[in-house]
Amino acid sequence: MAKALLRLLPKKLLIANGTAHFENKDILGLPEKEMQAFRGRRIAMIFQEPMSALNPLHSIGRQIEEVLLIHEPQWTKQMRLSKVLEILEAVQLPNPDLIFHSYPHQLSGGQRQRAMIAMALILRPDVLIADEPTTALDVTTQAEILRLIKELQTQEGTGVIFITHDIGVVAEIGDAALVMNSGKVVERGSVKQVLTTPEDSYTRMLISAVPRLSPRPDNPSLSAQPIKISTSSINKTFKSSSLFKRGRVVKAVDDVSFDLRSGETLGIVGESGSGKSTLARCIVKLINIDSGSIFIDDENITTRSNKSLLPLRRKMQMVFQDPYGSLNPRLTVVKMIAQGPILHGTSEKEAIEKALELLELVGLGRSSANRYPNEFSGGQRQRIGIARALALNPSILVADEPVSALDVSVQSQVLALLEKLKDTFGLTMLFVTHDLRVAAQVCDSILVMQKGRVVEYGRTKDVFYSPQHVYTQQLLDAIPGRGFPLWGDN
């Protein structure tokens with residue numbers, strides 16, 4: 001719908017009928033040349049996935065400057081440079097000069113999203129279409145992006161169409177809400193009206209699927225279980241250098257220690273860049289640590305070679321954040337799931353049968369076996385990633401942001417699936433997430449990370465109801481829509 005307003009749909013996908021009026025002018029009927037001048041200057045769009053929308057071959061500054069080259073050809077280079085640096089600072093990107101010359105892959109997810117926002121805002125448009133601009137961002141970065149958009153509305157009088165699957169964000173930023181299902185508007189009204197007294201069953205389903213910040217009850221039996229994973233003072237530092245730039249040192253994991261008992265789910269939370277994913281990759285030995293020790297079932301794996309770790313690979317599997325990026329696009333899903341067991345010596349026939357059983361178990365069915373990853377939705381691809389991780393019958397599952405980019409209804413299905421599989425397979429789980437509401441639903445204990453260090457560690461109920469560190473409280477306060485009457489999170 002949003003792409004149709006800006007006439008960005010593929011040429012073969014024609015708008016059959018209808019009008020879209022902006023200042024009494026039907027923009028759907030404008031000639032393309034006139035639409036090009038209109039697009040970006042009067043109505044701008046922030047796209048959902050900045051890594052796809054940004055050109056990997058050009059610096060961030062050059063891509064933002066291109067907007068000015070097209071719409072303000074009379075400006076001098078110095079004027080363009082000054083304006084780009086000004087907007088980079090306005091969207092609170094650190095060190096605008098450095099960001100200007102950086103490439104998309106050199107920025108974090110939150111920084112790339114801010115760069116996209118800067119590109120959309122540089123001409124101060126009358127209307128801003130924001131397509132999932134905070135999806136997959138941590139709560140503090142998300143809060144800053146929402147605050148930035150609110151400030152734009154206040155200062156410039158900009159109208160905003162904010163597309164999101166996060167009901168908390170709707171409660172936080174929206175004045176009016178419009179609910180779509182299967183291409184149709186099923187409900188509309190003020191945010192308070194739609195979220196507190198929804199009339200449509202689909203709206204009610206979406207709202208009921210929102211995870212509450214209500215920690216699961218303590219499981220006293222866990223304290224009697226043996227320790228499955230134990231880490232002691234592990235450290236990991238990344239260094240980068242080049243001929244033209246001074247070397248950069250990042251301490252991604254700094255003196256981290258924890259114990260994870262059999263059958264327990266430990267949530268690792270924190271904002272982007274806090275070291276969560278690096279810690280998870282250290283645990284599964286995708287990254288070698290600099291110092292410290294990691295024990296799995298009382299066995300020290302710290303100095304083990306990759307070859308000697310093959311038996312461990314069966315025991316410990318990982319579900320990655322981006323299922324599409326981690327799935328081989330050239331393999332059918334059944335072959336992809338069977339690949340691990342075959343590499344570990346299982347016959348192809350047996351591995352294929354096991355893969356078919358897992359497809360049924362994760363709710364995709366045997367009929368999906370010969371389809372390719374691009375033929376599935378995001379939620380379905382995540383289920384494939386889970387099935388692939390379970391193919392080797394692991395006892396430990398490391399889930400890195402497994403539901404961060406999914407809508408609330410699919411998210412609740414995947415979380416319920418993980419809970420069911422955890423009981424079925426007797427799994428111990430390390431659950432990396434920036435969504436504290438999700439962590440409250442699935443985790444027995446919580447480890448809060450900031451700049452590579454553990455700032456708080458304890459039972460979920462204690463950490464969320466009685467946080468001891470100011471950073472934990474900041475994360476809790478940044479949850480969008482928290483305290484909205486519907487959820488009773490006060």
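- Neither side chain, Thr158 nor Gln153, offers a donor N or O lying under 3.5 Å from an acceptor on the other.
- Remark: the His434 side chain and the Glu271 side chain contain no N/O donor-acceptor pair separated by less than 3.5 Å.
- Judged purely by distance below 3.5 Å, without hydrogens or angles, the side chains of Thr428 and Glu264 never pair a donor atom with an acceptor atom.
- Ion pairing between Glu34 and Lys25 holds under the 4.0 Å rule for side-chain N and carboxylate O.
- Arg261 is not listed as a side-chain neighbour of Asp444, based on a closest heavy-atom distance of 4.5 Å or more.
- The environment of CD in Glu89 is sparse: at most 12 heavy-atom neighbours from other residues, nucleotides or ligands sit within 6.0 Å.
- The existence of a salt bridge linking Arg381 and Glu375 is excluded, since no basic side-chain nitrogen approaches an acidic carboxylate oxygen closer than 4.0 Å.
- Distance check: Thr332 OG1 to Asn370 CG gives 5.5 Å after rounding to the nearest 0.5 Å.
- Other residues, nucleotides and ligands place more than 12 heavy atoms under 6.0 Å from the NZ atom of Lys150.
- Distance OH/Tyr103 to CZ/Arg112: 15.5 Å, rounded to 0.5 Å.
- For the pair Asp254 and Lys251, the salt-bridge criterion is met [side-chain N within less than 4.0 Å of a carboxylate O].
- If you check the side chains of Asp166 and Thr164, you find no donor sitting under 3.5 Å from an acceptor.
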Report task. Apply side-chain contact (heavy atoms from CB on, under 4.5 Å) to Val319 and Val398, showing your working. Result -> CA-CA 6 Å; Val319 179; Val398 179; over 6 Å; no

Report task. I would like to know whether Arg39 and Leu8 meet side-chain contact (heavy atoms from CB on, under 4.5 Å); could you show each step before the answer? Result -> CA-CA 10 Å; Arg39 194 186 294 126; Leu8 293 175; 3.8 Å; yes

Query - Worked verdict on Met119 versus Ile46 for side-chain contact (heavy atoms from CB on, under 4.5 Å) - result: CA-CA 8 Å; Met119 196 181 299; Ile46 305 168; over 6 Å; no

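- Two residues are said to be in side-chain contact when any heavy atoms from C-beta on lie closer than 4.5 Å; Val67 and His71 meet this criterion.
- Without hydrogens or angle criteria, Glu456 side chain to Val448 main chain gives no donor-acceptor distance under 3.5 Å.
- Within a 6.0 Å sphere centred on CD of Glu66, heavy atoms belonging to other residues, nucleotides or ligands number 12 at most.
- Counting all heavy atoms, side chain and backbone alike, Thr278 lies closest to Ala252 at CG2-CB, 3.9 Å.
- Side-chain contact annotation: Ser274 with Gln450, donor-acceptor N/O pair under 3.5 Å absent.
- The residues Glu23 and Arg42 are annotated as salt-bridged, a charged nitrogen and a carboxylate oxygen being separated by less than 4.0 angstrom.
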Report task. Using the side-chain contact (heavy atoms from CB on, under 4.5 Å) rule, take Phe22 and Leu5 through it: C-alpha gap first, then chi angles, then the decisive distance, then the call. Result -> CA-CA 10 Å; Phe22 180 85; Leu5 290 178; over 6 Å; no

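- Under 4.0 Å is where a charged nitrogen must lie from a carboxylate oxygen, and between Glu32 and Arg7 at least one such pair does.
- In this structure, CD1 on Ile384 lies 5.5 Å from CG on Leu364, to the nearest 0.5 angstrom.
- Between the CE atom in Met205 and the OG atom in Ser412 there is a gap of 8.0 Å [rounded to 0.5 Å].
- For the atom pair Arg114 CZ and Ile145 CD1, the distance stands at 5.0 Å (nearest 0.5 Å).
- No side-chain heavy atom of Asp259 sits less than 4.5 Å from a side-chain heavy atom of Ile229.
- Expressed to the nearest 0.5 Å, how far OG of Ser445 lies from CZ of Phe431 amounts to 13.0 Å.
- Side-chain contact annotation: Arg383 with Gln413, donor-acceptor N/O pair under 3.5 Å present.
- Salt bridge present: Arg281 and Asp400 bring a charged side-chain N and a carboxylate O closer than 4.0 Å.
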Considering only distance and modelled atom types, tabulate donor-acceptor pairs under 3.5 Å from the side chains of residues 416-423, sequence neighbours left out.
| unit_1 | atom_1 | unit_2 | atom_2 | d |
| --- | --- | --- | --- | --- |
| Glu419 | OE2 | Arg216 | NH2 | 2.9 |
| Lys422 | NZ | Gly263 | O | 3.1 |
| Lys422 | NZ | Thr265 | OG1 | 2.6 |

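- Ion pairing between a basic and an acidic side chain is recognised when a charged N comes within 4.0 Å of a carboxylate O; Glu86 and Lys83 show such pairing.
- Side-chain contact check for Val414 versus Ile386: some heavy-atom pair is nearer than 4.5 Å.
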